[in-house]
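The structure appears below as structure tokens.
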Amino acid sequence: THKEGQTLAELNSEGTMGANKRVTFTRRHPYATKSNVLKVVKTPGGRLVAHTKAKKRNGPKCGDCKCQLAGIKHLASFQYKNVHKRERTVSRAYGGSRCAKCVRQRIIRAFLIEEQKIVKQMML
């Protein structure tokens with residue numbers, strides 16, 4: 001309920017309708033770029049504050065087929081030094097560098113090349 005003669009703008013400025021919804025950049029980078037994204041958060045006291053969001057990271061990709069590597073955290077390269085080894089790699093040959101499909105292909109290719117060499121020796 002509001003008093004007679006009061007406009008909506010006056011109610012808003014009093015604080016009975018709601019707080020001021022504007023939040024400005026607090027750091028020295030005033031442009032809305034993807035490295036400067038804010039999330040508006042309401043505090044328990046009712047104030048609106050800006051939380052700076054971190055950029056989303058793509059994560060590591062396979063060196064052969066360029067697909068995303070499963071089981072490895074998506075972090076910036078300098079952040080990998082702060083996480084456990086089990087979060088950086090996969091316990092497999094070429095784990096953390098090549099995907100499972102490509103490793104399987106490499107093993108099969110190496111096996112077939114060796115078999116071919118043996119067949120050549122038998123022919124001579």
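Quick note: residue numbers are just sequence positions, from 1. Being a predicted model, the structure only gives us computed values, none of them experimental.
Between Arg86 atom CZ and Ser91 atom OG the span is 12.0 Å, to the nearest 0.5 Å. Atoms CD and CD1, from Glu115 and Ile118 in turn, are 5.0 Å apart once rounded to the nearest 0.5 Å. Between the CZ atom of Arg88 and the NZ atom of Lys81 there is a distance of 11.0 Å, given to the nearest 0.5 Å. Note that NZ of Lys73 and CD of Glu87 are 4.0 Å apart. Values are rounded to the nearest 0.5 Å. Note that CZ of Arg106 is 7.0 Å distant from CZ of Arg109, once rounded to the nearest 0.5 Å.
For the pair Gln105 and Asp64, the minimum side-chain heavy-atom distance is 4.5 Å or more. Contact annotation: the side chain of Val90 never approaches that of Leu69 to less than 4.5 Å [non-hydrogen atoms, C-beta and beyond]. Residues Leu38 and Thr52 meet the side-chain proximity criterion, which asks for heavy atoms closer than 4.5 Å.
Hydrophobic cluster membership differs between Val23 and Val41, with clusters built from Ile, Leu, Val, Met, Phe, Trp and Tyr side chains linked at under 4.5 angstrom. Ile72 and Val83 fall within the same hydrophobic cluster, defined by Ile, Leu, Val, Met, Phe, Trp and Tyr side-chain heavy atoms under 4.5 Å apart, directly or through other members. Ile108 and Phe111 end up in the same hydrophobic cluster when Ile, Leu, Val, Met, Phe, Trp and Tyr side chains are linked at under 4.5 Å.
Considering all non-hydrogen atoms of both residues, Lys34 and Lys55 come closest at O-CG, 3.6 Å. Taking both residues in full, the closest heavy atoms of Thr24 and Ala50 are given as O-CB, 4.4 Å, listed atom of the first, atom of the second, then distance. The shortest heavy-atom contact between Cys62 and Arg98 is SG-CA, 3.9 Å. What you find for Asn58 and Gln68 is that their closest heavy atoms are O-OE1, 2.9 Å. Scanning both residues, Val103 and Arg92, for their nearest heavy atoms gives CG2-NE, 4.4 Å.
A 6.0 Å sphere centred on OH of Tyr80 holds more than 12 heavy atoms belonging to other residues, nucleotides or ligands. The 12-atom threshold is exceeded at NZ of Lys61, counting heavy atoms of other residues, nucleotides or ligands nearer than 6.0 Å.
Between the side chain of Asn36 and the backbone N or O of His29 there is at least one donor-acceptor pair closer than 3.5 Å.
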